[in-house]
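Each remark here refers to the structure printed beneath this line.
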Amino acid sequence: MNVRREDLLKENKMHRKPNPPSLHPVLLTRYHANPILTANDWPYPAHSVFNAGACQVGDETILLVRVEDRRGHSHLSVARSQDGVTNWHIDPVPSFPADPEHFAEETWGVEDPRLTWIEDRKEWIIAYTAFSPSGPLVALASTTDFKTFSRLGPVMPPEDKDAAIFPRKFGNRYAMIHRPVSAGSSGAHIWLSFSPDLIHWGEHRVLMHARQGAWWDANKIGLSPPPMETPEGWIILYHGVRHTAGGCLYRLGLALLDLENPRKVLRRSDEWIFAAEMPYERHGDVGDVVFPCGWILDSDTGVIRIYYGGADSCLALATASVTELLDYLRTCPEPRVGRA
């Protein structure tokens, strides 16, 4: 079956739940035939597939999917589709396997890629988590065809993850969002760093603090897909982790960064906008998790396709309207001192 992209948002609106006026609008709509990919679709043995980076190359949607084997180690594999929803063609062998012989930081695998086209380099930059014996860290790689890859190597020490590169420079520097965690820290916050060459990074600063107390995004937050550029600013979809007696709850919220100064957070949602509700999101290797690493904006229709991992066990799809996300962000408060 082929699904026309221009029909996807219209079709999914039919599956939205009724929304009482007192509740915030439904901004992300699940594809009615989720999940779109599971380990059963893989051409070689796999335990689970989830957390895929995503991009559009011509008429083809490309997912760089995290695949976990039965050792518990992950590698990355390419899946291609003409409509971005169905009829996926998956590489017959791992596309980007860990290479611990040459890159010791990948001893226990590679995980959670985010993809960014860098125009001045004419290549895709992949920010991914390398799982080293000292903990997870941020590493970068590049590709032009998703068939051959070149590693740039680790760019942040452990523990650090949830990284993505902005698609253009600010002045003469690249920018990267990431999430370092240090021993004894008061929480896991979203950071911003700059680089002249994608190798040497500095000017590190906290971009968004995790809130405290009973908030849905208390103590631990992280970037989800790469920042999305709009005329009103950079849309940030991020995850918050709430620790409860029954385990962790992963939910998603929104923020908007200044277009020319990404250090400046213009808006941030107080409420989460998407949470685990469906069985494929609530039950799996890690329950109650929705975790997007990639999204694609169709500039002709304004429809965003969001690819997310469900319960660390499958890959699912949701859609959104970029106009509706911006409309919602305009109603969100500006960050205030003492309550980031």
Side-chain angles (χ1 to χ4, degrees), residues 1-20 23-41 48-56 61 63 65-66 79 81-88 112 216-217 224-225 228 235-242 248-254 269 271-298 301-329:
M1 179 183 71
N2 256 347
V3 178
R4 293 193 306 164
R5 292 181 200 144
E6 59 267 30
D7 291 339
L8 188 57
L9 186 60
K10 184 188 299 183
E11 175 187 337
N12 279 5
K13 282 182 177 178
M14 296 172 60
H15 296 272
R16 289 183 174 181
K17 297 177 181 179
N19 189 48
L23 300 179
H24 62 71
V26 177
L27 296 174
L28 275 62
T29 304
R30 293 166 175 84
Y31 178 54
H32 73 276
N34 273 341
I36 60 170
L37 286 170
T38 71
N40 291 333
D41 298 306
S48 58
V49 299
F50 52 112
N51 298 7
C55 66
Q56 190 74 24
T61 296
L63 300 183
V65 184
R66 176 178 172 181
S81 167
Q82 288 299 306
D83 63 18
V85 185
T86 61
N87 297 324
W88 294 96
D112 300 353
W216 68 272
D217 56 354
S224 288
M228 179 175 290
I235 299 178
I236 300 296
L237 182 65
Y238 74 98
H239 58 271
V241 185
R242 184 178 183 184
C248 294
L249 302 175
Y250 279 71
R251 296 166 172 151
L252 305 179
L254 288 171
S269 61
E271 298 179 339
W272 49 265
I273 65 164
F274 194 72
E277 295 179 359
M278 304 301 290
Y280 56 84
E281 300 163 348
R282 301 212 62 200
H283 306 292
D285 279 0
V286 184
D288 292 313
V289 172
V290 287
F291 199 94
C293 287
W295 56 3
I296 297 171
L297 170 62
D298 187 323
T301 64
V303 176
I304 304 170
R305 284 174 282 136
I306 302 163
Y307 297 91
Y308 67 96
D312 280 11
S313 299
C314 66
L315 195 63
L317 170 67
T319 56
S321 160
V322 67
T323 300
E324 290 180 2
L325 294 188
L326 288 170
D327 287 345
Y328 174 74
L329 278 163

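For residues 284-295, the pairs satisfying salt bridge (Lys or Arg N to Asp or Glu O under 4.0 Å) are Arg282-Asp288, with sequence neighbours left out.
The side chain to side chain donor-acceptor pair (under 3.5 Å) test applied to Asp41 returns no partner, not counting sequence neighbours. For the side chain to side chain contact (heavy atoms under 4.5 Å, CB included) test, residues two or more places apart in sequence or in another chain that qualify with Leu297 are Met228, Ile304, Val322. Partners of Asp112 according to the salt bridge (Lys or Arg N to Asp or Glu O under 4.0 Å) rule, which considers only residues two or more places apart in sequence or in another chain, are Arg66. Under the side chain to side chain donor-acceptor pair (under 3.5 Å) criterion, Ser48 pairs with no residue at all, not counting sequence neighbours. Taking Tyr308 as the reference, Phe274 meet the ring-ring contact (aromatic ring centres under 6.0 Å, His included) condition, with sequence neighbours excluded. With sequence neighbours excluded, the residues that form a side chain to side chain contact (heavy atoms under 4.5 Å, CB included) with Pro225 are Leu237, Pro292, Trp295. By the side chain to side chain donor-acceptor pair (under 3.5 Å) test, Tyr307 is found to be paired with Arg305, residues two or more places apart in sequence or in another chain being considered. Listed by chain and residue number, Lys220, His239, His243, Cys248, Tyr250 satisfy the side chain to side chain contact (heavy atoms under 4.5 Å, CB included) test with Val241 (two or more places apart in sequence, or in another chain).
Phe50 is not listed as a side-chain neighbour of Val65, based on a closest heavy-atom distance of 4.5 Å or more. The shortest distance between side-chain heavy atoms of Asp83 and Thr61 does not fall below 4.5 Å.
Note: Ile306 CD1 to Leu317 CG = 8.5 Å, rounded to the nearest 0.5 Å.
The backbone N or O of Ala311 sits less than 3.5 Å from a side-chain atom of Ser313, completing a donor-acceptor pair. In this structure, the side chain of Glu281 engages the main chain of Met278 through a donor-acceptor pair within 3.5 Å.
Closest heavy-atom contact between Tyr238 and Ser269: OH-O, 4.0 Å. When every heavy atom of Leu27 is checked against every heavy atom of Ala320, the shortest pair comes out as O-CB, 3.3 Å.
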